[in-house]
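By convention in this document, chain letters (A, B, ...) are assigned in the order of the sequence lines, proteins followed by strands, and residues within each chain are numbered from 1. Because the structure is predicted, anything quoted here is derived from the model rather than measured. We use all heavy atoms of the structure for the numbers below, so side chains are in, but hydrogens, waters and symmetry mates are not.
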There are 2 protein chains.
Amino acid sequence: MTADAVLDVAAELVKRQGTAALTMRGLAAELGTAVTSIYWHVGNRDELLDALAERTVRELSVVRAEGATPAARVVHLLQGLRRELRSHPHLIALAHERGLTERMFHPAQRALVHEVHAAGLRGRRAARAVRVLTFHAVGFVLVERNRERAPAPHPAEAELWDVPAAQNDAVLAREMAGPVDTERLYAASLEALVAGLFGA
Amino acid sequence: MTADAVLDVAAELVKRQGTAALTMRGLAAELGTAVTSIYWHVGNRDELLDALAERTVRELSVVRAEGATPAARVVHLLQGLRRELRSHPHLIALAHERGLTERMFHPAQRALVHEVHAAGLRGRRAARAVRVLTFHAVGFVLVERNRERAPAPHPAEAELWDVPAAQNDAVLAREMAGPVDTERLYAASLEALVAGLFGA
DNA sequence: ACCTGAACACCGTTCAAGT
DNA sequence: ACCTGAACACCGTTCAAGT
């Protein structure tokens with residue numbers, strides 16, 4: 001048994017059921033060893049989770065920007081990043097919890113700098129644009145994860161959005177009462193944000 | 001002892017140290033009763049946390065929109081909401097975890113509908129604008145909480161952003177290596193987003 | 001150097017027994 | 001109707017003892 005073997009099995013367990021389901025005893029059972037062997041190889045549970053988060057971040061694929069304009073390339077890049085982060089939600093959640101969010105976005109940020117420069121922004125304005133885009137993308141993914149983990153919303157959204165609540169905009173009422181297409185919403189939000197940052 | 005008294009003490013404990021620190025035994029000690037009495041009043045730990053999240057959402061203050069233009073009013077409204085959500089981070093985190101995010105934002109969403117209408121958007125476009133703004137605001141707060149909870153970032157940000165990494169934009173390199181002023185970043189992101197959604 | 005079982009101090013929860 | 005202590009099945013972790 002090696003530290004890497006422990007991490008492999010731990011990653012598998014977390015991937016399937018989340019960190020809460022990862023118990024030292026369960027892990028030992030899966031490995032076919034005594035619980036206490038694990039401590040020799042990877043330290044305690046906390047260090048194990050740290051190492052797992054670390055490895056997750058290290059193995060994230062790099063996403064590339066494609067498209068004709070800087071705006072289109074930024075949107076493409078951040079859509080790829082979202083997809084990447086959503087591929088193993090539990091492991092990514094772990095990385096978040098362990099404070100590796102910054103690290104997870106650094107490769108993308110370098111690409112963003114390139115695009116923001118191409119759009120004509122420099123210095124402070126460029127830095128702010130990169131950070132705004134990063135915060136938005138990370139935040140969106142976090143909100144999405146939150147909604148999916150959540151049980152059925154308490155008062156059904158449909159009930160909350162009757163026509164008067166929508167200030168007599170019946171189309172809006174119907175939209176708000178319906179489910180959210182997060183894929184499209186993400187694209188729309190990125191486009192609006194890029195327009196706001198690059199335009200004018 | 002009443003269910004409300006249990007919730008009061010539980011809220012206090014969570015407010016100070018987060019949900020992980022709330023143990024049934026610790027709660028009983030604080031209440032001066034046997035552990036098992038709690039079960040009679042509020043059910044098990046899970047139901048207790050649900051009730052606590054519920055109460056937290058119910059007691060959220062309503063934020064108002066102020067300002068001359070719809071754009072300014074939206075920014076003001078969402079800044080107030082952020083401040084409100086950051087006032088008791090642990091309790092709000094609990095509400096998030098329990099899937100009450102939607103509910104927490106519904107009052108603000110009604111106000112947003114009003115402003116988005118005032119800005120001239122209707123129907124589908126209006127609904128999308130409201131959702132984009134909501135997702136961004138919630139997401140931003142989640143990211144912020146994440147950064148604060150996190151330990152010192154692993155490779156110091158300063159090291160990651162040397163001048164070549166910033167593609168020879170020295171000002172940008174300095175900005176990215178420094179700390180983030182989230183207050184200003186939030187305002188800037190909202191302004192860009194509103195401009196993108198309302199403009200053109 | 002690596003693995004083990006026994007033991008400790010913590011959990012949440014149940015349940016029969018009290019008043 | 002309300003409260004209790006004993007007991008159960010789970011945790012993570014330590015440590016002395018093995019090979």
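Under the side chain to side chain contact (heavy atoms under 4.5 Å, CB included) rule, B:Val113 has a single partner from B:His117, B:Arg110, B:Gln109, which is B:His117.
Residues A:Ala192 and B:Leu193 come closest through the heavy atom pair CB-CD1, 4.2 Å.
Within residues 20-27 of chain B, the residues that place at least one heavy atom under 4.0 Å from DNA chain C are, in residue-number order, B:Leu22, B:Thr23, B:Met24, B:Arg25. Of all the residues in residues 29-37 of chain A, A:Val35, A:Thr36 reach under 4.0 Å from DNA chain D with at least one non-hydrogen atom. Scanning residues 5-18 of chain B for heavy-atom distances under 4.0 Å to DNA chain C yields an empty list. Of the residues in residues 39-48 of chain A, those with a non-hydrogen atom less than 4.0 angstrom from any atom of DNA chain D are A:Tyr39, A:Asn44, A:Arg45.
Under the 30°/60° scheme for interplanar angles, the aromatic rings of B:His136 and A:His136 are found to lie parallel.
Atom-to-atom distance recorded for A:Asn146:CG and B:Glu97:CD is 8.0 Å, nearest 0.5 angstrom. Between the OH atom in A:Tyr186 and the CZ atom in A:Phe140 there is a gap of 7.5 Å [rounded to 0.5 Å]. Here the CZ-NE2 distance, from B:Arg147 to A:His96, works out to 12.5 Å after rounding to the nearest 0.5 Å.
First and last contacting nucleotides of DNA chain C toward chain B (any atom under 4.0 angstrom from a heavy atom, 5' to 3' order): C:dC11 to C:dC15.
Here B:Asp46 pairs with B:Arg98 under the side chain to side chain donor-acceptor pair (under 3.5 Å) rule; sequence neighbours left out. Among residues two or more places apart in sequence or in another chain, the side-chain contact (heavy atoms from CB on, under 4.5 Å) test is passed with B:Ala72 by B:Thr69. Under the rule for a side-chain contact (heavy atoms from CB on, under 4.5 Å), the partners of A:Arg64 that lie at least two apart in sequence or sit in another chain are A:Glu66.
Within the structure, every pair that satisfies the salt bridge (charged side-chain N to carboxylate O under 4.0 Å, His left out) test and touches residues 71-91 of chain A, not counting sequence neighbours, is listed here: A:Arg73-A:Glu115, A:Arg82-A:Glu144, A:Arg82-A:Glu183, A:Arg86-A:Glu144, A:Arg86-A:Glu148. For residues 7-21 of chain B, every residue pair satisfying the side-chain hydrogen bond (donor to acceptor under 3.5 Å, both in side chains) rule, not counting sequence neighbours, is listed here: B:Asp8-B:Arg55.
No hydrogens or angles considered: nothing links the side chains of B:Thr56 and B:His88 as a donor-acceptor pair under 3.5 Å.
The shortest distance between side-chain heavy atoms of A:Leu190 and A:Val74 does not fall below 4.5 Å. Between B:Leu112 and B:Phe105 the shortest side-chain heavy-atom distance does not fall below 4.5 Å.
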Base-pair string, DNA chain D, Watson-Crick plus G-U, cut-off 3.5 Å on both distances, | for inter-strand, is ||.|||||...|||||.||

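Ion pairing between a basic and an acidic side chain is recognised when a charged N comes within 4.0 Å of a carboxylate O; B:Arg128 and A:Glu175 show no such pairing.
Hydrophobic cluster membership of B:Met1, counting Ile, Leu, Val, Met, Phe, Trp and Tyr whose side-chain heavy atoms lie under 4.5 Å apart directly or via other members: B:Val6, B:Leu7, B:Val9, B:Leu13, B:Val14, B:Leu22, B:Met24, B:Leu27, B:Leu31, B:Val35, B:Ile38, B:Tyr39, B:Val42, B:Leu48, B:Leu49, B:Leu52, B:Leu91, B:Leu94.
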